[in-house]
**Q** 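Have a look at this one.
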Amino acid sequence: MAVPVEEAIAALSTFSLEHDQPEVQGPAVLVSSERGATSSPVEYSDVAAYRLSLSEDTKALNQLNALIQEGKEMSSVLYTYRSCVKALPQLPESMKHSQADLYLETYQVLDLEMSRIREIQRWQASASSKLAADTQRFSRPERRINGPSITHLWSMLKLLDVLVQLDHLKNAKASIPNDFSWYKRTFTQVSVQWQDIDSMREELDDLQIFLSTRWAILLNLHAEMFRVNKYPDKIVFVFLVIDWRRNVWLLLHGLEFLFSQSFYGIIYVRVVIVSNAFLFKSARKSRYLMSSLTPSSVEDILQVLIVFAVESLELDFALLFPDRHILLRVLPVLVVLATSSEKDGESLYKRVKINRLINIFKNDPVVPAFPDLHLSPAAILKELSLYFQKFSSQTRLLTLPAPHELPPKEAQEYPFEAYKISRRHYLITNHIGNIRAEHDDFTIRFASSLNQLLVLKSLDGADIEWCKEVKGSMYDMVVEGFQLLSRWTARIWEQCAWKFSRPCKDATPSESNGNSASSSDYEKVVRYNYSTEERKALVETISYIKSVGSMMHRCDTLVADALWETIHAEVQDFVQNTLATMLRTTFRKKKDLSRILCDMRTLSADWMANTSKPESELQSHGGDESKGNFFYPRPVAPTAAQVHCLQFLIYEVVSGGNLRKPGGLFGNSGSEIPVNDLKQLEMFFYKLSFFLHILDYSATIATLTDLGFLWFREFYLESSRVIQFPIECSLPWMLVEHVLDSQNAGLLESVLLPFDIYNDSAQQALSVLRQRFLYDEIEAEVDHCFDIFVSKLCEIIFTYYKSWAASELLDPSFLFALDNGEKYSVQPMRFTSLFKMTRVKLLGRTIDLRSLISERMNKVFRDNLEFLFDRFESQDLCAIVELENLLNILKHTHELLSKDLSVDSFNLMMNEMEENISLVSFSSRLASQVWSEMQSDFLPNFVLCNTTQRFVRSSRVPLVPVQKPSVPHAKPNFYCGTEELNSAHQSYTRLHSGFFGIPHMFSIVRLLGSRSLPWLIRALLDHISNKVTTLEPMITGLQEALPKSIGLLPFDGGVTGCMRLVKENLTWGMKSELKAEVLRGIKEIGSVLYWMGLLDIVLREVDTTHFMQTAPWLGLIPGADGQILHSQDGADSPLVNLFKSATAAIVSNPGCPHPTSFYTMSKQAEAADLLYKANINTGSVLEYALAFTSAALDKYCSKWSAAPKTGFIDITTSKDFYRIYSGLQIGYLEESVQVSINHEIFGDSVAWGGCTIIYLLGQQLHFELFDFSYQVLNVAEVEAGSITQAQKNPHLAQGWEALLEAMKKARRLNNHVFSMLKARCPLEDKTACAIRQSGAPLHRIKFENTVSAFETLPQKGA
């Protein structure tokens, strides 16, 4: 079914083409367009319709424009020329027989390049001839044409500028003469067999002279201009007089002038009288077409060009900076050409004071010529004085110093005023304040004018005067914007030229790595020639140019009608009102001038827009016109031909065609026109020049914002003899790198603007220079630079957010206690605009910068996680706190960054790095590392301090050194961001690096989580089981070494006797290694059990916190006896009730679109209620570990806890585990007294392991009754209590105080362990192993395990 058109249009109107991408990049011109308004698209062929006798001038103008275009192409060829000789192969000795073939191939290659040079030679000859012909034609007295017009003057100046640039390039490019020498050599070799080569040799000789002669083009131009003798034998004057009766005096005046001159030869005077009707049938009055009767010379035309250039420079007539640079480049050449003799020099200085020229050359000592080539007017004058001997007498001009002529010390120390002024003029750092103020003021006022224009477009029937005011304001803002862009871009051009003229003499060691001798010339003028402040100012200026250009380019279609209507109104107001007033007043009796004003009205007046008078009065010039005419706004602008003709006519009115008129173009000297009228003519004359650039709106913006010249370096590539410079020498990348390295928050948003330089340079390479290899070089550099840029930018972003997160996670009390806590704060930086850049225009490609940053940040996060895990794996278990702290910082960094950027989930990245992606994977990388660390280092080498509840590393060197990788190091941003924040957080983690305790256990619980923690617990329990299995043969060996009978220690021998008896009975001297192994095994079992106890404490705290958070939603309350009660018996929990009531309320609403989803949410709440309630009754990890250990001991219960044969307690012959541990304990205590370090080897873990085994075997009472150390303590207590014995033998127990104290500590520790075991794992309900009243033992019997801790135990006896 077809969709109606109206609905389709309505649907399309709902789509928004707007984007939220900020404008932090210059205007992107996707389609290159030729200049349309500033040059006539029909080559001024419509000028003939205005019947102004400008046909010859128009024809010459078109020829000049064609030559200018060809000359620019020649300049591009010459500028981009690279030596072919460097690429020529060198034949080895073995291939000398192929040398002739090599010469032929070389000749064919070089002939193609030399053909281009020949084209340049031929073109410059034709251009010089054309320019000289125009100059001579305008200087001859018999000329029949009007002119030169202002457009013609500009074309002549532009063509002269092209010739000057070509000559300068030819002088600077040393590779061309080198290639030509090879070309001539190969021609000599290959032309031996040719015939009729004389013409070719002559052509080669001419080309050699052309290339070897400096300023050959200007010398040829001078010769062409002055080819005709200055005073010819015959001077023919042609008078074309119309209405001769009124102009006879002209003839008489001309003859009087002729005979007053001392001319030699025959003088021919020809007078032609033509009637009015023959020329203009429709005209009623005569017309004066002769421009001048005064004879002129070539120097006169040159002087006119000089005057025009000087006035344009002094009055800032040129709207665009390229026009100003053209004037500055050609002015010294014009001065040299015009002062070919002392007399000509005097006549020039009468019209233009020499101080005016000197001031211009002083104020602009350096003029840009090409991107990396400059011209110095002073240097040009001095060098040309060698070729123009008559000019060498101009000492005042020749004494001007060029910038490169100043020694470094003189330039820095000597108070050379001109140099200081120039340096202050060229360096942007001295103008950045004004540029910043101009930018801020203009953007505000431009936005205000644009808003008014939008309001105007939204209104119907607005007041015409207000419309005119708004559109006129918009026009003024556009003109001001063009002027600002032109001035700012010119400053960058001129600063670059100044830097090229004043290279850095010595690169600082910090910049060139102490090797300044290896710095190339290009490095000295670019890389080391810009200070930090200059780079910052340059970036700011570029950002202002691109931002203003982008702002104006965006509103192109919006302001187009307003600009065209304003230009139309300006023209119509001038030609219909201002000129009408002049015709009634000033020019009323001056018929000849009034006819010119009438021509101006005829060719440009839009009478169709005038509605204030009837049509019968529109063509008349009489009547009451004091009020002026009213015009309807029409977007009809004048064409280039109309502007050309209007400028010509205004020039004719003001100057009368007199080229030698003193006072300049609009000077009032000798003019009969009043000052007010002259000002009006002058103002409109200048506005006409602006109109063409404003009409060519987009092209003008493209020209003014083109900064591609900052990349090109063709001249220095040739002089440095390298293929290409590294990117560190590339000015665009230097600016990008400066923004990134400075981390200036104000500049960071402008970091993409220097990349527009690459766009501009690529556009120039393809459309202007037309060289594909330049584009390929630019593209290669851009690809490399952009990759580095994204990498550096992501590193800065990551560092900033990492520092921000680390700063927020610092303990507030720590910051409060510091005096300089502000150094840990992070200065805010704005990356939001860069995060929104999804369409970065770069060399015609659209790059999603946001996506690139996201991809890179995902990689950086993964690399950081990998580094943190590698760092933890190279340290001991105590580093778990540091790992958690760094992971918390990284996670908080991810949270902060996720607010502005789309990155992968942190949990996903953690699971990837921990290799814990699979649903059936429960052993993560971190859990495996924790277990590996405990197995290889923690359990063997850490000892327990029961008092502090901490494990500390034993001071004794371990038996088997732990092999670990070296601790990796990385940049500060992989830790906490900055050095200061790293030290602050390390001061916290360093407090936990020397022990393992409760804080570390919290870190393990939080890091492993409920998924990997059970795997670690099971691994530790399996370790206990394996240790018990390993200890079984060792304990059997110790049992075999025991004597058959060991009785109770007697009291009569005292402590000394008891210890002697113990040593006699425990003959384990030959089994010391076995004893140590058993103790280490018991120690590891005790360490694991105590580690489980710490884990149980932490888990209970975590569970309690979880219960407090979930209990109100589940309707749970704690009971009096610690039981959990339900606040609502049999009813739903508050969570379920909340969702059910919300679902019922929403579904009852008739407007509910999808009730099924709300029912699903209610069901999910019920499922969540069940899951949370099921996790409330969690068991104890310690109880589980004790039960597991008990089950593991059951396999060896018959060996370690054998039933007595007599049925009664075996006191003397028992070899149960408690007897083995009793012997090990007293030996261990005795050794610890003798060697204090012994206790540091085992710590308190031995007691925990031994007592736990004894308790689980049901031998606690036996141990407390028959332990050797306990018996010794009993003997010592009895001995100490016997006062009589103490008086008889006061030194009875002397020497055993330390041992007795160690035994007391061991007994207290054992009692503590037994009491904890009784509380956490009572045996009364599970097993019975006691002594009946009759003395017979009650053997172990099995009972059911409790559900809380024993439901997952392995079955006993399995």
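What you see below is based on every heavy atom in this structure, not just the backbone, and it leaves out hydrogens, waters and symmetry mates.
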**Q** Tell me the closest heavy-atom pair linking Leu1300 and Leu1273, and the distance in Å.
**A** O-CD2, 3.7 Å

**Q** Could you tell me whether the side chain of Leu877 reaches within less than 4.5 Å of the side chain of Phe872, counting heavy atoms only?
**A** yes

**Q** What's the shortest heavy-atom distance between Pro965 and Glu873, and which atoms?
**A** CD-O, 4.2 Å

**Q** Count the heavy atoms belonging to other residues, nucleotides or ligands that lie under 6.0 Å from NZ of Lys1199, then report whether that count exceeds 12.
**A** no

**Q** Is a side-chain donor-acceptor pair under 3.5 Å present for Ser1201 with Tyr1196?
**A** no

**Q** Do the side chains of Phe942 and Asp937 get nearer than 4.5 Å, heavy atoms only?
**A** yes

**Q** First locate atom CD of Gln1039, then atom CD of Glu1032, and finally report the distance between them rounded to the nearest 0.5 Å.
**A** 8.5 Å

**Q** Would you indicate whether the side-chain heavy atoms of Gln949 and Phe995 approach each other to under 4.5 Å?
**A** no

**Q** Any side-chain donor-acceptor pair under 3.5 Å between Ser1180 and Arg1320?
**A** yes

**Q** Decide yes or no for Met1303 and Ile1226: does some side-chain heavy atom of the first lie under 4.5 Å from some side-chain heavy atom of the second?
**A** yes

**Q** Under 4.5 Å between any side-chain heavy atoms of Leu1299 and Met1059, yes or no?
**A** yes

**Q** For the backbone of Arg1307 and the side chain of Asn1311, can you confirm whether one donor and one acceptor N or O come within less than 3.5 Å of each other?
**A** yes

**Q** Rounded to the nearest 0.5 Å, what's the gap from CD1 on Ile1082 to CG on Leu1031? Could you check?
**A** 6.0 Å

**Q** Compare every heavy atom of Ser1003 with every heavy atom of Glu884, then report the nearest pair and how far apart it is.
**A** OE1-OG, 2.5 Å

**Q** Under the criterion salt bridge (charged side-chain N to carboxylate O under 4.0 Å, His left out), I'd like the reasoning laid out for Lys1083 against Glu1077: C-alpha separation, chi angles, the key distance, then a yes or no.
**A** CA-CA 10 Å; Lys1083 167 188 168 293; Glu1077 285 295 330; over 6 Å; no

**Q** Under a 3.5 Å distance rule, please check whether Glu915 uses its side chain to pair with a backbone N or O of Arg925 as donor and acceptor.
**A** no

**Q** Please confirm whether the backbone N or O of Ser928 pairs with a side-chain atom of Ser932, one donor and one acceptor, at under 3.5 Å?
**A** no

**Q** Salt-bridge test for Lys964 and Glu933: reply yes if a basic N is under 4.0 Å from a carboxylate O, no otherwise.
**A** yes

**Q** Answer yes or no: is there a donor N or O on one side and an acceptor on the other, between the side chain of Thr1104 and the main chain of Arg1100, under 3.5 Å?
**A** yes

**Q** State which residues pass side chain to side chain donor-acceptor pair (under 3.5 Å) with Gln875; sequence neighbours excluded, sorted by chain then number.
**A** Glu882

**Q** On a heavy-atom basis, which atom in Pro1050 and which in Leu1061 lie closest, and how many Å separate them?
**A** CD-CD2, 3.5 Å

**Q** For the pair Phe951 and Phe938, evaluate ring pair (Phe, Tyr, Trp, His ring centres under 6.0 Å) and give the outcome as yes or no after the intermediate values.
**A** CA-CA 9 Å; Phe951 290 91; Phe938 180 79; 4.9 Å; yes

**Q** Using a strict cut-off of less than 4.0 Å between a Lys/Arg side-chain nitrogen and an Asp/Glu carboxylate oxygen, indicate whether Lys1063 and Glu1230 qualify as a salt bridge.
**A** yes

**Q** Roughly how far apart are Thr947 OG1 and Lys1305 NZ, rounded to 0.5 Å?
**A** 9.0 Å

**Q** For Glu1264, give me all partners under side chain to side chain donor-acceptor pair (under 3.5 Å), at least two apart in sequence or on another chain.
**A** Gln1260

**Q** Go through Leu1224 and Leu1038 one step at a time and tell me if the side-chain contact (heavy atoms from CB on, under 4.5 Å) criterion holds.
**A** CA-CA 10 Å; Leu1224 293 174; Leu1038 292 178; 4.0 Å; yes

**Q** What are the two closest non-hydrogen atoms of Arg1219 and Ser1214, and how far apart are they?
**A** CG-O, 3.7 Å

**Q** Taking the inter-plane angle between the rings of Phe1263 and Tyr1221 on a 0 to 90° scale, is it parallel (under 30°), tilted (30 to 60°) or perpendicular (over 60°)?
**A** tilted

**Q** Can you tell me if Lys1027 uses its side chain to pair, donor with acceptor, with the backbone of Asp1022 under 3.5 Å?
**A** no

**Q** Going by side chain to side chain donor-acceptor pair (under 3.5 Å), name the pairs with one or both residues in residues 1086-1095, residues two or more places apart or in two chains.
**A** Ser1087-Ser1245

**Q** Could you walk me through whether Phe1188 and Ser1025 pass the side-chain contact (heavy atoms from CB on, under 4.5 Å) test, one step at a time?
**A** CA-CA 8 Å; Phe1188 191 95; Ser1025 178; 4.0 Å; yes

**Q** Return each pair, listed once, that meets side chain to side chain donor-acceptor pair (under 3.5 Å) where at least one residue sits in residues 988-1001; pairs must be two or more places apart or across chains.
**A** none

**Q** Taking atom CG of Asn1065 and atom CG of Leu1042, what is their separation to the nearest 0.5 Å?
**A** 9.0 Å

**Q** Return the CD to CG distance between Gln935 and Leu1020, rounded to the nearest 0.5 Å.
**A** 9.5 Å

**Q** For Cys1321, is there any backbone N or O sitting under 3.5 Å from a side-chain donor or acceptor partner on Tyr1255?
**A** yes

**Q** Between Asp1267 (side chain) and Tyr1270 (backbone), is there a donor-acceptor pair under 3.5 Å?
**A** yes

**Q** Run Thr1189 and Val1088 through side-chain contact (heavy atoms from CB on, under 4.5 Å) and show every step you take.
**A** CA-CA 11 Å; Thr1189 307; Val1088 172; over 6 Å; no

**Q** Verify, without hydrogens or angle tests, whether Gln1259 (side chain) and Tyr1218 (backbone) share a donor-acceptor contact under 3.5 angstrom.
**A** yes

**Q** Do Thr1056 and Arg1060 have side chains that get closer than 4.5 Å, going by heavy atoms?
**A** yes

**Q** Under the criterion side-chain contact (heavy atoms from CB on, under 4.5 Å), I'd like the reasoning laid out for Met1001 against Ile880: C-alpha separation, chi angles, the key distance, then a yes or no.
**A** CA-CA 9 Å; Met1001 193 59 68; Ile880 193 70; over 6 Å; no

**Q** Rounded to the nearest 0.5 Å, how far apart are CH2 of Trp1200 and CD1 of Ile1035?
**A** 3.5 Å

**Q** Do Thr1252 and Ile1085 come close enough that some side-chain heavy atom pair is under 4.5 Å?
**A** no

**Q** Does a donor on one side chain and an acceptor on the other come within less than 3.5 Å for Asn941 and Ser954?
**A** no

**Q** Restricting to pairs with a member in residues 1033-1044, which pass salt bridge (Lys or Arg N to Asp or Glu O under 4.0 Å), not counting sequence neighbours?
**A** none

**Q** Give a yes or no answer on whether the side chain of Asn885 reaches the backbone of Val881 with a donor-acceptor pair at less than 3.5 Å.
**A** no

**Q** Could you note down all residue pairs passing ring pair (Phe, Tyr, Trp, His ring centres under 6.0 Å) where residues 1016-1058 supplies at least one of them, sequence neighbours left out?
**A** Trp931-His1023

**Q** Would you say the side-chain atoms of Asp1244 pair up with the backbone N or O of Asn946, donor to acceptor, closer than 3.5 Å?
**A** yes

**Q** Of all heavy-atom pairs between Cys1251 and Val1313, which one has the smallest distance, and what is that distance?
**A** CB-CG1, 3.6 Å

**Q** For the residue pair Ile1017 and Met1092, establish whether any side-chain heavy-atom pair is separated by less than 4.5 Å.
**A** yes

